[in-house]
Amino acid sequence: QTTVSGVVTDQETGEALIGASVLAVGTSSGTITDFDGAYTLEVPEGVSQLQFSYTGYPNTTEDINGRSEINVSLTAGELLQEVVVVGYGAVRKEDLTGAVSTIEEGSFNRGAIVSPQNLISGKIAGVNISPSSGNPGEAPTVRIRGGTSINAGNDPLYVVDGVPLEGGGVAGDRNPLNFLNPDDIASYNVLKDASAAAIYGSRGANGVILITTKKGQSGTPRISYRAEGTVSNVINRQQNLSAEDFRNVVTFAAPQRLETLGDANTNWFDELTRTAYGTQQNLSISGGGETNTYRVSAGYQQLEGVIRGAETERLSVNLNFTQKLFSDKLTIGASIKGANTNNVFDPGVINAALDFDPTQPVYDPTNTAFAGFFEYGVSLAPRNPISATEQITNTGRTYRGLGNLDLEYAFDDLLPGLTYKAVLGFDVNSGRTNRFVPTTYATIPTDGFSGEFNVANGLRSSKLFDTYFTYARDIGNQSFSLQAGYSYQDFNLEAPSFQGQNLTTDAFGTASPGVAEDIFAFNEVLENRLISFFGRLNYNFDERYLITASLRRDGSTRFGPDNRWGLFPSAAFAWRILQEDFASSLDNTFSDLKLRVGYGVTGNQEIVDYGFLSVYRFSNQQAQYQFGDRYVSTVRPDAYDSGLKWEETSSWNVGLDFGFFNNRLSGTLEFYQKTTDDLLFTVNVPAGTNLSDRVLTNIGALENRGVELSLNGVVYDRERFGLNLSGNITYYGTEITRLDGSGSADVQVGGIAGGVGNTVQLLRVGETPYSFYLYEQKYGEDGRPLRDGVDWNDDGETNLLDLYEDVNGDGVVNDQDLRINEAPAPDVLLGFTADARYGNFNLAFTLRGNLGNYVYNNTASNAGNLSRITLGPTYVTNVNASAVYTRFNSPQYFSDHYLENGSFLRLDNVSLSYDFGRLAGDALNLQVYAAAQNLFILTEYSGTDPESGGIDNSPFPRARTFTLGARVGL
Amino acid sequence: CTDLEVFPQDRADPNAVFTEEENYEAFLARIYAGLALTGQQGPSGQPDLSSLDEGFSSYLRQYWQLQELPTESAVIQWGDAGLPELIFQTWTPNNQFIRAMYYRVFFQVSLANEFLRETTTDRLQQRGIREDFWPTVEQYRAEARFLRALSYWHGIDMFGDIIFYTEESSLGGDVPAEGTRGEIFEFLVRELDAIEDQLPDMGAAEYGRVDKGALYMLQAKLFQNAEVYTGQERHADAVAALENIVGSDAYSLEENYADLFKADNHTSDELIFAIPFDGETMQTYGGLTYLTHAPIGGAMDPADYGIDGGWSGLRATRALVNLFPDVTGETDERAIFFTEGQTLEINNISEFSQGYTVPKYTNVTSEGIPGSDPRFADTDFPLFRLGDAYLMYAESAVRSGSGNLDRAVELVNELRERAYNSDAGNITADDLTLEFLLDERGRELYWEAHRRTDRIRFDAFTVNGVWPWKGGVPEGRTTEAYLNVFPIPASEILSNPNLSQNTGY
């Protein structure tokens, strides 16, 4: 027995690696490096090699050769050795055959990030993560390769530490994923193509995002503490008129209403917004012994919205524990994540702030009925938005817990290479909203007393049991692994709620339903289950040819007995060209060159439960019918389609991975085509064939195509200075290719604010989904749109023919003259990240852009007309400033003047950090940082924000946020 | 485990529903409620139809709009897609309101068919329903058939040739075939004959349900308009059906005309069949909530009408106002107009102050007490009432020469005496012309959803007759005859290959 000692360091930085494991090869004796990266190991007789391993670094084996001191520097980030999580297992990155993108902690966006999805926005080609509003903690819209559906979901499947999550949220949350503290996340793996996602079968059509949380590393406890504070303000000003401008416009357009104007100068939007603050603190402790690791963490985050009254708060805990038993044959992993989020919802009065007469004051002390706020007290008049933010309370509370236990057993004695894994998991998401509107808020002014409350509960729970065997073997220059498994997941939702109206007192808030004169109670109970069998083969021939094939059979309760089971196969082939003899001459230039081709079928089952089943629904107490002196509750059969089945997406993917100059420049180029068949679509059915006018049914087909290029360059890499640049660009498009059964029926969609039933978008075969469908505006010589109310064409009549092109030339302008226009989905996605280090400074930023995304400016189309001033009989309404330019008298909802190019380039994130290194006699490590989010946006769009999902109706303005923080490591 | 049987818990399985007797009544009530309400949750929620805003999708609201807005009766201020086109008679097959009416008609037919399929004696036997209950179900079936016939009548009246299917077709089965207006007319005549004996006597049904009185009214409506539907006039048959009603003592005229349209109008003996509403138990944004709210605005105080706030929408054109000898109602009390702050002329339909408003329907009782909820009206809709029967009798008597003309004059004068509170407005047999009758129907029955059908029968809807905003111009102009039927909705033409679009569209 000899003793060997040494130090394990990182080759690049020279820093000691703490907690690296050192193993005498062929034995179970090993040790862990200490704070200085040092180790001492008693090496048994006959051992000739030591193996060094550290998470994120490839294992390194050193021959002892009689040495008593062996110092090792490990190389991180060697692309050829990375392990990538692919769902039910992991593969070496070089063995990947599908389109999988990985983003690890070091590359995450920084700043005041509440929603986990925002950590990777702008980082991955083909993945569009756009904030849906400026609400703190709001769920962003995530689309991988554009989405494959119209009426079923387009959200990707999220799998957290092996547990697939249900898509829906519960009452009280803004984003169901917010139970994950971004600080606990180690990596994201995004399965973009079907050959990768098909292992998730019926839930893979929109891609899969695998989230892995941080695990502990063996060694003495390591403590990390991070604290930060943020301040946010509004960057986008709303475009309603100031008090002075409004007076002028009323004088010009509606002088008869001048007498109704007030004397105040109120900027309602300024009154509604504020400078907002937030804090965040995270503490984690990790470590482990020879056979186990642990990491525990707790986090607290609180963030205000820039609209008064909006806020989010999260308290999270996370525990990960692994234990190896029986000579490392059995590995037990346990993970529990829990969070309490508290949301305060603003009352949604941005439009009221736009509408409210700016010459009226906020307060009117004489108006005691409405708590001293100025109000018109007229039924359809806008309500004082400040009265709403001050008086209406709307809070949400959620508790979510996700727990899983993984058991992995290696049958080394029985059959080397055979392992068994079982995952038991549960997910409980419980939430509640309490909304209270006191009687002093102007709801129903003529009703003597009013006031209302809503209490909504939601309990979602799911259980998971996954079990699978994996058998891996090398035979000569071939290797393969085979996998077969079974999965069971059951989802439940129960959502009771009640609301009360007409309160006799405000004293109890939402706590005492009895004070409401009218009480309404609701409940929804849903259940669905998914049962699956899956298998996968990975085959590697001579490190040159790689084949992956998978097959999943899913059974879902969402479909009828005849369509319940679906089969989702995939196959992929990869060729590592550099391994070929003929390619040896390329070795000097290329460090990686791999061609991948994959095909797979995935499904989508994100539709309502029981859509295939004939069910009867009883009416509530407010929907009865009078028989004599009695009111009879009624029962109605619901419409259904017993033939409902999966949406099936079959897709091709061709990818090329390349690396030059020892991977100083690397990248991936991908082409894909996806065809979604049996598209689930809510369409008008022939009258008489069902019990409603529209039914969700499988009726069409959709096609997506795209090209993605990601590049990653290490521009400069010296000890003092380093610069990494990475960028991605995606060009893609979606087209509806078939809508059968309904001929070539167009489906009008895209309801707007202003007039019930007004829609501005269309689903039509041959077009991009949700293409805008509008009149072609005529313009005058001054470049302005021709205004209404003038007989421009001198035909003696003032009608739409004066304003819009008569496209079909039939002498009238009507809905036959609406024309397909651009679509809201961008044509091009851009992401660019720079990461520079100089000495101990690090500067990083992320730019994100969209090109060709069109936006219908509903804020302007609805409020940008002069007749709006006199909308109300006894009060005036403010107008959108565009009315001064267009001089429209009445609303021109269908004018393509309101369709604008929303292309933009946004500086999403900038961060600057300084690392003090080891301080206080090496006792601790300190890093301070500053970050800014949403610093600027370059766009020609005239409204609040071009990222408004196509129809911009005064969204919650996005904040500009500054963060200052520090991280201490012990 | 491969068990994929999951059953809903918050809604019911059909077999379970039909094993309980009270659910037969609940289903029948649902067919009736299809005329009044829009979904299973009042005032909105779990809607019946989904291609239109739920409040807009109300059967009565659309029936009313399609019958009144294209005539001189009313204009509406709102700019919702397709709404001004109803006023201008410039609708297209994409009109969302016409679409809603179309699907409402067939929602009723489908519901009734489903009920008839599920209540055959075979089915009752299978489900173990005791035989004592079978006669009750038999009457329910007759009522369901009546309601189906009522909607089919609306269907052929508005859309001409439409799809035709009965309980013999099955859900999810073949796409229904087209029936001509005439074929369906004949079916309806046979159908009403067949169920006559199974319905209660006139005035004997519970309030809100139909009896022989409603049946005779529907027969008379069909016969009176038969020439429009089939080319063959049947006025003598209309008179025969109406004889039952005008000769019956089951009904009598309400003393005060205005009380017919108030929150307690369910007590009126003039009603033959009304669609009930209730502010607490039958809440909707369609129906009478719409009719009591939409005309209120301007200088009107909503509290005077028992509502929480006006919707500033509906007004009358000059042509309706001018039917009356004076606007105040002092001469003819049927003139219910609000004029303060309103102009008679309408130069701009989107300006609420132009055009007199018509607070004919109010959510206040005859005693002046507000209804149970200011947001939703208690007032019921008089679908069939005795006053209408009198004028129908007079008209068919005049047209056929078969009825008793003296009686016709008498009946008309009964209405006019109520309106004038004296015999000052009485007419003689010479006055009883078709021209007079069209105007008199306008005075007696305006805003009661008869006008479009009436004008078509009098050939005064499109090529004849001019009133403000007809044709889309302020002074009005004549339009083309094809507009006498509405287009089949574009969505239906595309999804049902058996249907052809009406000529002209």
Side-chain angles (χ1 to χ4, degrees), chain A residues 378-380 444 446-447 488 523-525 527-529 531 555 557 564 610 613-628 631-637 642 684-694 741-743 745 755-758 797 799 814-816 867 873 890-891, chain B residues 1-2 4 6 8-12 14 17 23 25-27 29-30 32-33 37 40-43 46 48-53 56 79-81 92 94 96 103 106 110 114 163 165 171-172 175-176 206-209 276 281-283 297-298 302-303 308-309 312 350 374 491-492 494-496:
Chain A
V378 182
S379 179
L380 295 176
I444 311 164
T446 55
D447 194 18
Y488 173 98
N523 196 7
E524 187 171 31
V525 182
E527 182 179 4
N528 76 82
R529 193 178 297 153
I531 289 171
T557 57
R564 201 155 267 176
Y610 320 125
L613 207 57
S614 168
V615 291
Y616 279 51
R617 234 183 247 271
F618 284 86
S619 68
N620 73 354
Q621 294 303 300
Q622 288 74 37
Q624 303 184 68
Y625 186 81
Q626 184 173 7
F627 272 9
Y631 287 95
V632 181
S633 273
T634 73
V635 62
R636 178 192 72 190
S642 59
N684 280 98
V685 288
T689 59
N690 217 312
L691 288 158
S692 187
D693 54 341
R694 285 188 177 176
S742 55
V756 178
N758 287 334
E797 285 177 32
N799 54 25
N814 58 20
D815 49 22
Q816 312 293 327
S867 70
S890 47
Chain B
C1 176
T2 56
L4 289 169
V6 166
Q9 297 165 57
D10 60 355
R11 51 209 100 158
V17 167
N23 290 337
E25 186 185 56
F27 198 132
R30 180 54 252 226
Y32 277 107
L37 306 179
Q40 291 305 77
Q41 208 168 281
Q46 301 174 356
D48 303 328
L49 304 181
S50 57
S51 57
L52 188 78
D53 170 77
F56 274 17
D80 306 297
T92 68
N94 285 321
Q96 58 171 339
Y103 286 114
F106 295 107
S110 294
E114 181 77 355
I163 52 168
Y165 61 108
L171 279 185
V175 173
E206 281 186 300
Y207 189 75
R209 295 172 67 176
T281 55
M282 291 186 67
Q283 297 182 346
D308 56 334
S312 306
S350 61
S491 56
E492 175 76 346
L494 287 166
S495 58
N496 186 341

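Chain letters run A, B, ... following the sequence lines, proteins first and then strands; every chain starts at 1. Values reported hereafter were calculated over all heavy atoms of this structure, with side chains retained and with hydrogens, waters and symmetry mates removed.
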Quiz item: What distance do Tyr165(B) atom OH and Thr689(A) atom OG1 have between them, rounded to the nearest 0.5 Å?
Solution: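 Tyr165(B) atom OH to Thr689(A) atom OG1 measures 8.5 Å (nearest 0.5 Å).
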Quiz item: What distance separates Arg11(B) CZ from Arg636(A) CZ, expressed to the nearest 0.5 Å?
Solution: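 Between atom CZ of Arg11(B) and atom CZ of Arg636(A) there are 10.5 Å.
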Quiz item: What closest approach, in Å, do Ala12(B) and Phe618(A) show between heavy atoms, and which atom pair accounts for it?
Solution: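 Smallest heavy-atom distance, with atoms named: CB-CE1, 4.1 Å.
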Self-check item: Under the salt bridge (Lys or Arg N to Asp or Glu O under 4.0 Å) test, residues paired with Asp693(A) that sit two or more places apart
Solution: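 In terms of salt bridge (Lys or Arg N to Asp or Glu O under 4.0 Å), with neighbours along the sequence ignored, Asp693(A) is linked to no residue.
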With no hydrogens and no angle check, is any side-chain donor or acceptor of [X] less than 3.5 Å from a backbone partner on [Y]?
| X | Y | result |
| --- | --- | --- |
| Asn684(A) | Glu492(B) | no |
| Thr557(A) | Leu4(B) | no |
| Gln40(B) | Arg617(A) | yes |

Quiz item: Is the NZ or CZ atom of Arg209(B) positioned over Phe627(A)'s six-membered ring, under 6.0 angstrom from the centre and within 45° of the axis?
Solution: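 Verdict for Phe627(A): a cation-pi partner in Arg209(B).
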Quiz item: Is it the side chain or the backbone of Asn690(A) that comes within 4.5 Å of chain B heavy atoms, both, or neither?
Solution: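 For Asn690(A), the contact with chain B is made by the backbone alone.
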Quiz item: Between Gln626(A) and chain B, which part of the residue has a heavy atom less than 4.5 Å away: side chain, backbone, both or neither?
Solution: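 Both the backbone and the side chain of Gln626(A) come within 4.5 Å of chain B.
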Quiz item: Residues two or more places apart in sequence or in another chain: which of them pass side chain to side chain donor-acceptor pair (under 3.5 Å) with Glu25(B)?
Solution: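 If we apply the side chain to side chain donor-acceptor pair (under 3.5 Å) test to Glu25(B), skipping adjacent residues, the hits are Arg630(A).
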Quiz item: For residues Asp815(A) and Thr92(B), is any side-chain donor paired with an opposing acceptor at under 3.5 Å?
Solution: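 Per modelled atom types, Asp815(A) and Thr92(B) side chains form a pair under 3.5 Å.
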